[in-house]
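Quick one: structure below, then a few questions.
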Amino acid sequence: QVQLVESGGGSVQSGGSLRLSCAVSGYTYSTNYMGWFRQAPGKEREGVAALKRGPSTTYAESVKGRFTISQDNANNTLYLQMNSLKPEDTGMYYCAAPSPRRWYPTPPMSPGQYDYWGQGTQVTVSS
């Protein structure tokens, strides 16, 4: 059974940094891609960053230059380094992974392109 467990969220002031981690277990294959999403209260879940084997990455325009997605294959962990945080970055952050049947030419950023989700970790940025 695939499990994704996020950690590293917290409360920081504007301009601060956080590093999110996602521990992955239960896979019997190597994932083709993985992603980070976030959801603010009253808003839809949106893609933040995605990473595809190659590697190649995709970022939301709002986080480009501030966030970095990376993966440690030896430890089966996905990371999201978040710098220069802004209040609008506040939300629940989720990592996600696909089933083996999925493949896309570029790292996908739509929730519908993922099948497995973690429980989320809260990020709160105060001004």
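By convention here, the first residue in the shown sequence is residue 1. Because only heavy atoms are used, hydrogens play no part in the values below, and waters and symmetry mates are left out as well, while side chains stay in.
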Check: Could you go step by step and tell me if Ile69 and Tyr79 meet the side-chain contact (heavy atoms from CB on, under 4.5 Å) rule?
Finding: CA-CA 6 Å; Ile69 186 172; Tyr79 299 102; over 6 Å; no
Notebook entry, point to check: Quick one: OG1 on Thr57 to NZ on Lys64, what's the gap to the nearest 0.5 Å?
Noted result: 9.0 Å
Item checked: Pro111 side chain reached by Trp117 side chain, heavy atoms, under 4.5 Å -> yes
Check: What is the minimum heavy-atom distance between Lys52 and Thr106, and which atoms define it?
Finding: CD-C, 4.0 Å
Notebook entry, point to check: Under 4.5 Å between any side-chain heavy atoms of Asn32 and Tyr104, yes or no?
Noted result: no
Notebook entry, point to check: Looking at side-chain heavy atoms only, is the closest gap between Gln13 and Val125 below 4.5 Å?
Noted result: no
Notebook entry, point to check: When you look at Tyr93 and Phe37, which way does the ring-ring contact (aromatic ring centres under 6.0 Å, His included) test go after all the steps?
Noted result: CA-CA 6 Å; Tyr93 282 69; Phe37 291 78; over 10 Å; no
Notebook entry, point to check: Tell me, do Thr121 and Tyr94 make a side-chain contact under 4.5 Å, heavy atoms counted?
Noted result: no
Item checked: Partner of Arg38 by salt bridge (charged side-chain N to carboxylate O under 4.0 Å, His left out), out of Glu88, Glu6, Glu46 -> Glu46
Note to self: Testing the basics here: between Ala97 and Thr31, what is the closest heavy-atom pair and its distance to 0.1 Å?
What the structure shows: CB-CG2, 4.5 Å
Checklist line | Backbone N/O of Pro107 and side chain of Thr58: donor-acceptor pair under 3.5 Å | finding: yes
Check: Are Leu20 and Leu85 connected in the hydrophobic side-chain network, where two residues link if heavy atoms are under 4.5 Å apart?
Finding: yes
Margin query: Under a 3.5 Å distance rule, please check whether Tyr116 uses its side chain to pair with a backbone N or O of Gln1 as donor and acceptor.
Written below: no
Notebook entry, point to check: Considering all heavy atoms of both residues, which atom of Met34 and which atom of Leu78 are nearest to each other, and what is their separation?
Noted result: CB-CD2, 3.9 Å
Note to self: If only side-chain N and O atoms count, and only distance matters, is there a donor-acceptor pair under 3.5 Å linking Asp72 with Thr77?
What the structure shows: no
Next item on the list: Check salt bridge (Lys or Arg N to Asp or Glu O under 4.0 Å) between Arg53 and all other residues, then give those that pass, not counting sequence neighbours.
Entry: none
Note to self: I'd like to check the side-chain hydrogen bond (donor to acceptor under 3.5 Å, both in side chains) partners of Asp115; sequence neighbours left out, ordered by chain and number.
What the structure shows: Ser99, Arg102
